[in-house]
A.B. asks: 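Sending over a structure as structure tokens; questions will come in a sec.
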Amino acid sequence: MNNIPEQLIWMIPGLPLAAFVALFILVRSLKIRSNLNGYLAIAATAASFALSLWVAAGLFNAPAEHGITGFEWLNLGGILVIELGLTINPLTGIMLVVVTLVSLLVQIYSLGYMHGSKSLNRYFAFISLFTFAMLGLVMADNLLIMFMCWELVGLCSYLLIGFWYHRPAAAQAARKAFFITRIGDFGFLAAILLLFTSAGTLNVNDIHAAAIAGAVSSTVITWAALGIFMGAMGKSAQFPLHTWLPDAMEGPTPVSALIHAATMVASGVFLVGRMYPLFELSPTALSTVATIGAVTALFAGTIALVMHDIKKVLAYSTISQLGYMMLGLGLGDVAIALFHLFTHAFFKALLFMGAGSVNHSTGTFDMRKMGGLARLMPWTCATFVIGSLSLSGIWPLAGFFSKEEILNSALSNQPVLFAMALLTAFMTAFYMFRVVFLTFGGEYQSRLKPHESGKVMIIPMLVLAVLAVSAGWLNLTGRLTTILGHGHEQSWIYGFLGIFTHPLAWISLAVAGSGIFLAWAMYQKRWLSARKVAWTFRSAYTVFFHKYWIDELYEKYIGARLFNNGLFNLFNRFDAVVIDGTVNDVAGLNLKSSKAIRTLQNGRLTQYGLVFLFGIAAIALLVIFTG
């Protein structure tokens, strides 16, 4: 790694943590309300990004795994010894760059988007903590530290989604995200306990070695892999644990960009990739991952077709693309799934920033109140179109190369899942350009006078637009996917003109192009009436618009029955009588005993002498009778 000192590697997560401490304690106590809050967070993240880029460049030139031992953090009598150490390999190197770069650009963008908002020190403090938590998760060398950072990522998402806690919808969305992801976390925790019981260690590499050597039974491996995937389903919003992510749009838009591109939702895909040697040993786990991924991709895509809120469209798009990544993982090609995670981070962060720029100017996310913004917001329009083209998988943008890898793998292994993925690609192109034409085409629908956003918001969008075009070119020779894992073989996708040598590229481009053309015909040229199409397919439209009624199922039926029946009452009484009663009794006993004992401390020397005399007598009697 270019002989990078270990102290500098520790600074990659350490700098955002230091920024959090400084912002939350020092700056808050001084009540500084200028942009110093943002500048401090940005400086720390920029330094962390520079170090991450240095590490990643070294790993790209000489891929290897490096263990960095810190210190012994926990020792339970030798039964369990936890050392706080780091692991650096090509996967963590790529993730370090993605997390720090997107976080840096989001924070710069926030200087403009959040200008004038209250509690900016709290905002930038939480984003710095979020960045630290994700970096800690990426670099942890054992499952316990990984799980602690995993939970910290969940806590930070709760704090940022509910940043505007005075809004009931934001507070509710934060709680929903917190509780639903906890369901998945239960599976992850159960998998950790199962692996520790079987392998006798929490070190990730040691667990992999034990599983490969046959020291862990195939049954344990399957259940552990499924538990890990359950955790990933929660964080990466896979069906049926997806309902929290669209509601999370109640948080500030820069937070949405961070969550969807580089932190919360990326953590689930990363976790499966990090623990992939276990999944390889379990065909059952792999097929489960692939099937749920394909179902999620198609399912979320259908809902995105009919949403009117830009951020909701992008949210369901993220769920769909995460399904694509899980499909790639389940097909046995961990490298291509992580490659799509890499490219997706840039164009999805760009799209959310574009949505934020539009909202910042028009005061709404409702596309029915927009239109004609291409002339009024040319930079926002141009970058948003680039992001949409990349997400749609149009050559030669980044999304084409990573999406095509997954389609190619599905075609070779699972034709049914390939058909689902190809249909998803059509829907992706359609709903993204539905957004483009409704937002930037036609005539403006409001009385407000929109304007282009300031440079502090446009510059991060321009940087991401460049990456949305070119990030896929890093794999033109297949080098990136090769170092990411498992000897990825050369294929027709490699090479800038690889598109012209294989029919699948033409098929997928034709599918994406058809989606764009249909959106153009319906929302720009009005050759087809969107209302008539919706009426013709009104049954499907109703199902999609109501999101398959899954939220209602959870909240009005399962939740209501659970919290209103005798089972909940039993739990409530147990909590009040046993849990609260025990705490209250212990506190009461402590209070009463302290009142009795403190009477002995009254300052009267005669009483102290009497107690002293009784003590001497007791000792004398003890010596006499024990001989």
A.B. asks: Check whether any side-chain heavy atom of Ile336 lies under 4.5 Å from a side-chain heavy atom of Leu331, and answer yes or no.
C.D. replies: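 The answer is no; the side chains never approach within 4.5 Å.
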A.B. asks: Below 30° counts as parallel, above 60° as perpendicular, anything between as tilted: where do the rings of Phe346 and Phe342 land?
C.D. replies: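 Geometry flag for Phe342 against Phe346: perpendicular rings.
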A.B. asks: I'd like to know if the side chain of Asp333 reaches the main chain of Ala335, judged simply by a donor and an acceptor atom lying under 3.5 Å from each other, with no hydrogens or angles considered.
C.D. replies: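 Not a single qualifying donor-acceptor pair exists.
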A.B. asks: Mind jotting down which residue pairs meet the salt bridge (charged side-chain N to carboxylate O under 4.0 Å, His left out) criterion with at least one end in residues 178-195? Sequence neighbours excluded, please.
C.D. replies: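 For residues 178-195: Glu151-Arg182, Arg182-Asp185, Asp185-Lys235.
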A.B. asks: Does the separation of the ring centres of His344 and Tyr324 fall below 6.0 angstrom?
C.D. replies: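 No, too far apart.
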A.B. asks: Supply the atom-to-atom distance Thr343 OG1 to Leu338 CG, rounded to the nearest 0.5 angstrom.
C.D. replies: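 Nearest 0.5 Å value for the OG1-CG distance: 11.0 Å.
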A.B. asks: Looking at every heavy atom in both Thr87 and Asn89, which two are closest together, and how far apart are they?
C.D. replies: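 So the two residues come closest at CG2-ND2, 3.8 Å.
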A.B. asks: Please report the interatomic distance CD1(Ile88) to CG(Asp141), rounded to the nearest 0.5 Å.
C.D. replies: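 One finds 10.0 Å between CD1 of Ile88 and CG of Asp141.
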A.B. asks: Just do the side chain to side chain contact (heavy atoms under 4.5 Å, CB included) check on Leu91 and Phe270 with the steps written out, would you?
C.D. replies: CA-CA 8 Å; Leu91 171 57; Phe270 167 80; 3.8 Å; yes
A.B. asks: For Val138, is there any backbone N or O sitting under 3.5 Å from a side-chain donor or acceptor partner on Thr92?
C.D. replies: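 No; judged by distance alone, with no hydrogens or angles, the pair does not exist.
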A.B. asks: Relative to the ring of Phe352, is the ring of His260 parallel (under 30°), tilted (30 to 60°) or perpendicular (over 60°)?
C.D. replies: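 Ring orientation, 0 to 90° scale: tilted.
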A.B. asks: Around atom CZ of Phe163, are there more than 12 heavy atoms from other residues, nucleotides or ligands closer than 6.0 Å?
C.D. replies: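 Enclosed: over 12 neighbouring heavy atoms sit under 6.0 Å from CZ of Phe163.
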A.B. asks: Do any pairs count as a side chain to side chain donor-acceptor pair (under 3.5 Å) and have a residue in residues 244-257, sequence neighbours left out, and if so which ones?
C.D. replies: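 For residues 244-257: Tyr113-Thr253, Lys176-Asp247, Thr253-Lys311, Ser256-Lys311.
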A.B. asks: Please report the closest heavy-atom contact between Ala337 and Gly328, naming both atoms and the distance.
C.D. replies: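 Heavy atoms only, the tightest pair is CB-C, 4.0 Å.
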A.B. asks: After noting the C-alpha distance and the side-chain angles of Ile94 and Phe339, does the key distance pass the side chain to side chain contact (heavy atoms under 4.5 Å, CB included) rule?
C.D. replies: CA-CA 9 Å; Ile94 291 295; Phe339 179 38; over 6 Å; no
A.B. asks: Applying the side chain to side chain donor-acceptor pair (under 3.5 Å) criterion to Ser282, which one of Thr222, Thr219, Thr288 satisfies it?
C.D. replies: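 Testing Ser282 for a side chain to side chain donor-acceptor pair (under 3.5 Å) against Thr222, Thr219, Thr288 leaves exactly one candidate, Thr222.
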A.B. asks: If you compare all heavy atoms of Trp150 against all heavy atoms of Ser267, which two are closest, and at what distance to 0.1 Å?
C.D. replies: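 Closest approach of Trp150 to Ser267, heavy atoms only: CZ3-O, 3.5 Å.
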A.B. asks: Determine whether Phe178 and Ile161 make a side-chain contact, defined as any pair of heavy atoms from C-beta on separated by less than 4.5 Å.
C.D. replies: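 No, every pair of side-chain atoms sits at 4.5 Å or beyond.
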A.B. asks: What pair of heavy atoms forms the shortest contact from Ile319 to Ala237, and how long is it?
C.D. replies: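 The answer is CG2-O, 3.3 Å.
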A.B. asks: To the nearest 0.5 Å, tell me how far Leu137 CG sits from Thr263 OG1.
C.D. replies: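 If we round to the nearest 0.5 Å, Leu137:CG and Thr263:OG1 are 10.5 Å apart.
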A.B. asks: Can you find a heavy atom in the side chain of Lys547 that is under 4.5 Å from one in the side chain of Tyr316?
C.D. replies: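 Yes, close enough: below the 4.5 Å cut-off.
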A.B. asks: Under a 4.5 Å cut-off applied to non-hydrogen side-chain atoms, are Ile550 and His242 in contact?
C.D. replies: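 The answer is yes, as the side chains (C-beta and beyond) meet within the 4.5 Å cut-off.
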A.B. asks: Under 3.5 Å, side chain of Ser287 to main-chain N/O of Thr284, donor-acceptor pair present?
C.D. replies: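 A pair under 3.5 Å: yes.
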A.B. asks: Side chain to side chain contact (heavy atoms under 4.5 Å, CB included) for Phe130 and Ile259? Distances and angles first, verdict last.
C.D. replies: CA-CA 9 Å; Phe130 209 170; Ile259 288 176; 3.8 Å; yes
A.B. asks: Under a 4.5 Å cut-off applied to non-hydrogen side-chain atoms, are Tyr276 and His208 in contact?
C.D. replies: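 The answer is no; the side chains never approach within 4.5 Å.
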A.B. asks: Drop me the distance from Leu314's CG to Met249's CE, to the nearest 0.5 angstrom.
C.D. replies: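 CE of Met249 is found 8.5 Å from CG of Leu314.
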A.B. asks: Under 3.5 Å, is there a donor-acceptor pair between the side chain of Ser236 and the main chain of Val269?
C.D. replies: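 Pair found, side chain donor or acceptor close to backbone of Val269.
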A.B. asks: Please tell me whether Ser103 and Thr131 have a donor and an acceptor in their side chains that are separated by less than 3.5 angstrom.
C.D. replies: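 Yes, because at least one side-chain N or O of Ser103 sits under 3.5 Å from a partner of the opposite role on Thr131.
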A.B. asks: So do Val97 and Phe49 actually touch side chain to side chain, heavy atoms under 4.5 Å?
C.D. replies: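 Phe49 vs Val97: side chains touch.
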A.B. asks: How long is the gap from OG1 on Thr45 to CD1 on Ile127, to the nearest 0.5 Å?
C.D. replies: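 The CD1 atom of Ile127 is 8.5 Å from OG1 of Thr45, to the nearest 0.5 Å.
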A.B. asks: Please report the C-alpha distance between Ser110 and Phe124 in whole Å, then the side-chain angles of each, then the deciding distance to 0.1 Å, and finally whether the side chain to side chain contact (heavy atoms under 4.5 Å, CB included) criterion is met.
C.D. replies: CA-CA 9 Å; Ser110 296; Phe124 283 106; 4.1 Å; yes
A.B. asks: Can you check whether Leu86 reaches Ile12 side chain to side chain, under 4.5 Å on heavy atoms?
C.D. replies: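 Result no, sub-4.5 Å side-chain heavy-atom pair not found.
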A.B. asks: Enter the distance from Leu327:CG to His340:NE2 here, rounded to the nearest 0.5 Å.
C.D. replies: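 That separation rounds to 10.0 Å.
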A.B. asks: Take Lys348 and Ser317 through the side-chain hydrogen bond (donor to acceptor under 3.5 Å, both in side chains) test and state the conclusion after the steps.
C.D. replies: CA-CA 9 Å; Lys348 186 53 62 70; Ser317 171; 3.2 Å; yes
A.B. asks: Just wondering, do Leu391 and Gln321 contact through their side chains at under 4.5 Å, heavy atoms?
C.D. replies: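 Yes, at least one pair of side-chain atoms sits under 4.5 Å.
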A.B. asks: What pair of heavy atoms forms the shortest contact from Pro460 to Met353, and how long is it?
C.D. replies: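 Smallest interatomic distance, heavy atoms only, reads CB-SD, 4.1 Å.
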A.B. asks: Can you name the closest pair of heavy atoms from Gly293 and Met326 and give their distance?
C.D. replies: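 Smallest heavy-atom distance, with atoms named: CA-CB, 3.8 Å.
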A.B. asks: Where does the angle between the aromatic ring planes of Phe299 and Tyr548 fall among parallel (under 30°), tilted (30 to 60°) and perpendicular (over 60°)?
C.D. replies: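 Phe299 and Tyr548: tilted rings.
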